[in-house]
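For reference, the structure discussed in these notes is given below.
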Amino acid sequence: MDDRYYPQTVEEKWQRVWEENKSFRAVRDDARPKYYVLEMFPYPSGRIHMGHVRNYSIGDVVARYKRMRGLNVLHPMGWDAFGLPAENAAIERNIHPEAWTRDNIQYMNTQLKRMGLSYDWDREIATCEPDYYRWNQWIFLKFYERGLAYKKSSFVNWCPSCLTVLANEQVIEGACWRCDSVVVQKELEQWFSRITAYAEELLNNLDRLAGWPDKVVTMQRNWIGRSEGAEFDLPVVGRDDLKVRIFTTRPDTAFGMTYAVLAPEHPLVDKLVADAGERAQVEAFRAEVSKQSEQERTAEDRPKRGLRLSSSVTNPFTGVAIPLFIADYVLLGYGTGAIMAVPGEDQRDWDFAKRYGLDIIETVQRPADWTGEAYTGEGVKINSGFLNGLDVEEAKRRAIDWLVEGGLGEAKINYRLRDWGVSRQRYWGTPIPIVYCDKCGIVPVPEKDLPVTLPRDVPFTGKGGSPLAESKSFVETTCPGCGAAARRETDTMDTFVDSSWYFLRFTSPSYAAKPFDPTEADYWMAVDQYIGGVEHAVLHLLYARFFTKALRDLGLTKADEPFTNLLTQGMVSKETYRCEEHEWLFPSELVGSEAEGWRCPKCGRPAIKGRVEKMSKSKKNIVDPEDLIAQYGADTARLFTLFAAPPEKDLEWNSQGVEGAFRFLTRLWRFVVQNQEQLAAARAPSDLPADLKDLNRLVHRTIKKVTEDIETRFHFNTAIAAIMELLNAVIAAAQKESLDGRAAVVKEALVAIVTLLYPFVPHVASELWSALGQKQPLDEVGWPAYSSAALEQEKLLIVVQVNGKVRGKITVPADASGEAVEAMALADPKVKGFVAGKGIHKVIQVPRRLVNIVLEG
RNA sequence: GCCCGGAUGGUGGAAUUGGUAGACACACGGGACUUAAAAUCCCGAGGCCCCGGAAGGGGCCGUGCCGGUUCGAGUCCGGCUCCGGGCACCA
């Protein structure tokens with residue numbers, strides 16, 4: 001064996017072995033416990049980035065560790081292959097989205113293989129394949145049958161110049177990213193998925209997700225946003241046929257209602273306008289509002305704008321007529337799209353009332369010392385008719401009772417969660433399997449005609465409507481019902497549909513009769529450990545939960561929840577550089593030096609060191625993992641990303657640290673190779689000298705620490721640090737004298753090091769394993785166990801504090817009594833100096849750790 | 001704006017349950033080896049200050065900021081600041 005470490009040779013060798021042996025193929029085996037570990041599959045953007053390296057390194061540690069623990073591990077990988085960037089490439093570079101995507105997948109596939117990840121590649125899937133997306137269509141049809149997919153009108157970002165729908169990402173400060181025109185909200189008929197039907201279950205089951213980070217559970221809970229309240233009608237004055245239905249969480253405050261507000265887009269508004277003049281005003285107001293994003297409309301620090309309508313409504317509680325407005329801060333999509341306004345107890349209403357000179361009535365008694373504007377706290381009801389004297393909770397109940405008795409309204413639970421708009425006016429996605437017939441209306445494509453495949457004859461211009469509408473061969477079809485000429489739906493599905501059930505497809509990736517084989521899914525589901533970026537905390541993870549429940553209710557799976565344990569990894573970020581003139585700069589293109597200041601290569605201006613940002617191509621702060629792997633090997637790339645920070649934390653990239661990871665592997669390699677012969681001949685000595693006893697204890701302590709760090713919290717950085725410490729100790733012990741007589745203990749330590757390192761750096765670990773003379777392949781070796789007996793210490797180091805400050809350290813026998821430890825602490829010369837002449841108030845002991853002497857006075 | 005996080009040496013981080021702050025590593029400085037360099041190995045190191053000729057010893061301060069609880073706070077509580085993620089058509 002060469003005593004220099006050449007990662008490329010080692011890694012190629014082991015990757016070939018794993019591929020030839022299909023070492024990581026997962027086969028259902030009802031006799032064995034399974035473990036399903038999954039990392040969020042990537043979008044094939046072209047090349048893998050450091051975020052992928054981090055994500056997949058973490059997943060691979062888990063997969064390999066669990067295999068060593070004897071579990072039947074499923075660890076698959078695939079491609080989230082539909083999406084906007086492929087279509088942008090088609091528009092900008094005249095490459096077909098399919099070709100672009102296929103090339104990217106191929107390239108990234110080799111990149112992932114070069115990392116030595118233990119995937120079952122036989123299960124690879126790509127969501128853009130008809131074999132995959134036909135099941136999106138199949139599920140859509142099942143949802144449609146059950147009312148879980150339906151059509152309604154909603155708003156999209158519209159560029160009036162490009163005449164096209166824009167993604168939020170394509171709207172930059174309210175303007176189109178290509179032509180800079182002001183983007184407006186345009187109403188379109190679109191398909192929705194009824195996630196709100198599962199709102200209650202999605203909320204309640206959060207309590208069962210003990211293996212999820214609290215913050216993700218909290219974010220989802222807030223996102224679903226359950227609120228209890230009431231819905232009731234406000235009759236329009238002088239218009240017996242018209243009523244404004246409102247939702248409120250505070251029915252107790254109805255006596256303080258001094259005006260009411262409709263969302264500007266509310267359909268009732270059109271019926272309320274009195275004449276052409278008012279209509280023009282309403283239209284002008286709507287046009288203004290349509291330029292605002294929802295975020296701007298609801299921001300609490302912005303002035304709320306409204307338009308008073310000529311109509312009034314009656315407050316049913318008081319019988320008093322109150323003004324009616326349309327205003328930007330009321331959204332059509334939430335509740336009923338209309339509110340009663342109680343400025344006394346709602347800050348937004350208070351702001352609006354002040355701006356438009358409206359009355360404010362207080363209906364809750366303020367505490368005596370309270371100052372402020374709207375009051376939202378507890379208190380006794382005042383100015384509230386039959387509710388006077390009650391507390392808020394009781395008043396809510398009485399108000400609802402009163403509404404129900406009068407037939408005016410009802411108790412209502414409302415969710416902030418909205419139904420999921422799945423329509424996209426784009427090409428590179430799953431065609432929605434619907435046909436429009438003049439006679440039969442909306443007709444679902446029959447199951448036997450699936451998949452509805454994407455046509456090739458589509459121009460990509462970036463202008464106009466949905467690209468599929470341009471394909472005659474696609475649009476023109478016959479009605480499955482009556483056979484007459486009909487038109488296909490030209491919208492495609494949101495790509496979140498693809499990723500909402502792919503984990504189920506992985507259990508039987510080529511199953512042809514259904515989206516997945518129920519027998520396989522029953523064995524492998526749920527995913528035991530899911531790993532991915534924290535940026536998916538709400539949308540993807542909520543949609544996947546929804547789909548799992550809906551597919552369960554279709555009888556396809558027994559799983560209630562898709563992911564038992566969730567690890568949300570932090571982002572990989574790096575500092576950025578920019579030039580006033582030429583924007584973002586690659587660090588590699590800067591001229592000058594760190595000391596004198598970097599300069600822009602184009603104009604020589606100083607390069608400004610910008611903020612640390614999430615790595616992205618546009619900000620030119622990416623590190624290409626390929627370069628890293630080419631230079632140091634996959635093991636070093638993996639080791640460094642795992643060592644640099646715990647997985648859930650953001651990782652600020654610092655390329656210098658990589659050297660350290662590489663050096664560690666080199667040190668280990670050299671030590672093993674140089675001592676190979678002595679280690680192979682090692683015999684266990686009968687009685688260990690004290691320093692070797694310490695080393696032996698450290699071996700077992702390290703096994704314990706690494707096991708716990710992986711098992712309980714995925715803190716690979718501290719696990720690796722512990723292994724590094726053990727290697728340092730081994731080398732130090734071996735250096736003191738020759739290896740003779742101590743080779744056995746040293747060898748035991750090295751065997752432990754190599755075994756513990758296997759999940760992190762599998763190639764080099766496998767190679768060193770054979771160098772240590774081990775016969776059985778490391779892939780098949782179990783995880784090492786530690787001996788509690790070997791962990792026993794004879795002496796303990798105890799910290800002695802006086803008044804909470806460390807004043808001394810004493811070594812005591814492990815079995816010393818509390819009294820004995822206290823006596824030894826007080827006998828310590830340094831401690832004596834601090835205690836001398838003062839009375840002892842009390843002594844606090846933390847067994848095996850600390851003594852704190854608290855003095856009087 | 002709203003929801004959710006985060007902040008510890010020159011740097012990444014460690015301290016797992018309120019008990020030695022800075023493990024491990026990077027960068028840096030000094031030394032060994034070398035004709036020289038690289039590589040490798042050894043040593044040093046939070047800041048400020050004091051004692052000593054030196055080796056060494058000692059004190060105070062210190063975990064974003066202000067306040068609190070406690071014998072004891074990086075860790076708990078209250079109030080801020082700054083940074084990051086998400087906000088429903090990026091994935």
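Chain A is the first sequence line, chain B the second, and so forth, proteins listed ahead of strands; every chain is numbered from 1.
- At the heavy-atom level, A:F662 lies nowhere under 4.0 Å from the strands shown.
- Taking atom P on both B:U17 and B:C76, the two are 10 Å apart, rounded to the nearest angstrom.
- Of the residues listed (A:L567, A:V534, A:T568), the one engaging A:P213 in a side chain to side chain contact (heavy atoms under 4.5 Å, CB included) is A:T568, and it is the only one.
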Check: protein-nucleotides 2-7 of chain B nitrogen or oxygen pairs below 3.5 Å:
{"residue": "B:C3", "atom": "O3'", "partner": "A:N222", "partner atom": "ND2", "Å": "2.7"}
{"residue": "B:C3", "atom": "O2'", "partner": "A:N222", "partner atom": "ND2", "Å": "2.8"}

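- Annotation: A:R849, atom CZ; neighbour count of heavy atoms from other residues, nucleotides and ligands within 6.0 Å does not exceed 12.
- Spacing of P atoms, B:C82 relative to B:C66, comes out at 16 Å, to the nearest Å.
- For B:G9, the base is syn relative to its sugar; the glycosidic angle is within 90° of 0.
- Checking each of A:Y150, A:Y543, A:W191, A:F192 against A:W420 for a ring-ring contact (aromatic ring centres under 6.0 Å, His included) leaves exactly one that passes, namely A:Y543.
- Nucleic acid contact for A:A644: sugar-phosphate only, since backbone atoms but no base atoms lie under 4.0 Å from a heavy atom of the residue.
- Only the C1' atoms considered, B:G13 is 10 Å distant from B:C26, to the nearest whole Å.
- Both A:L417 and A:D80 lie near RNA chain B, and the one whose nearest nucleotide falls closer to the 5' end is A:L417.
- Heavy atoms of A:V843 sit nowhere under 4.0 angstrom from any nucleic acid atom.
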*In B/S/- notation, 5' to 3', how is nucleotides 19-26 of chain B contacted by protein heavy atoms closer than 4.0 Å?*
BBS-BBSS
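- Looking at heavy-atom distances under 4.0 Å, A:Q845 makes no contact with the nucleic acid at all.
- Look at the C1' atom in both B:C87 and B:C80: the space between them is 25 Å, to the nearest Å.
- Between the side chains of A:T196 and A:D419, at least one donor-acceptor pair of N or O atoms lies under 3.5 Å.
- Heavy atoms of A:F664 sit nowhere under 4.0 angstrom from any nucleic acid atom.
- Using C1' as the reference atom, B:U69 and B:G78 are 11 Å apart when rounded to the nearest Å.
- Evaluation of atom-type donor-acceptor distances gives no pair under 3.5 Å for the side chain of A:Q170 against the base of B:C89.
- The number of heavy atoms from other shown groups lying within 6.0 Å of CZ (A:R348) does not exceed 12.
- A:K705 comes within 4.0 angstrom of a base, heavy atoms only.
- With both ends at atom P, the span from B:A45 to B:A25 equals 15 Å, rounded to whole Å.
- Look at the P atom in both B:G12 and B:G79: the space between them is 29 Å, to the nearest Å.
- Remark: the A:R545 side chain and the A:Q220 side chain contain an N/O donor-acceptor pair separated by less than 3.5 Å.
- Here the side chain of A:D650 pairs no donor or acceptor atom with the backbone of A:V572 at under 3.5 angstrom.
- A:G421 comes within 4.0 angstrom of the backbone, heavy atoms only, and of no base.
- Remark: C1' of B:A88 and CD1 of A:I224 are 13 Å apart, rounded to the nearest angstrom.
- When heavy atoms are screened at a 4.0 angstrom cut-off, A:V156 is found touching base atoms of the nucleic acid.
- For RNA chain B, each stem of at least three Watson-Crick or G-U pairs (distances under 3.5 Å) is given as range with range: B:1-7 with B:81-87, B:10-12 with B:24-26, B:28-32 with B:40-44, B:46-51 with B:56-61, B:64-68 with B:76-80.
- Contact annotation for A:P646: backbone-only contact, meaning every heavy-atom pair under 4.0 Å involves sugar-phosphate atoms and none involves a base.
- Nucleotides B:C24 and B:G72, compared at atom P, are 31 Å apart to the nearest Å.
- Within a 6.0 Å sphere centred on NZ of A:K152, heavy atoms belonging to other residues, nucleotides or ligands number more than 12.
- By the 4.0 Å N-to-carboxylate-O rule, A:R297 lies too far from A:D328 to be salt-bridged with it.
- At a threshold of 4.0 angstrom between heavy atoms, the contacts of A:S423 include nucleobase atoms, whether or not backbone atoms are also involved.
- Atom CZ of A:R848 has 12 or fewer heavy atoms from other residues, nucleotides or ligands within 6.0 Å.
- Contacts of A:H536 with the nucleic acid, taken as non-hydrogen atoms under 4.0 Å apart, include base atoms.
- Across all strands shown, A:R807 has heavy atoms under 4.0 Å from sugar-phosphate atoms exclusively, and none from any base.
- In this model, the phosphate group of B:C89 is approached by a side-chain N or O of A:R424 to a distance below 4.0 Å at OP1 or OP2.
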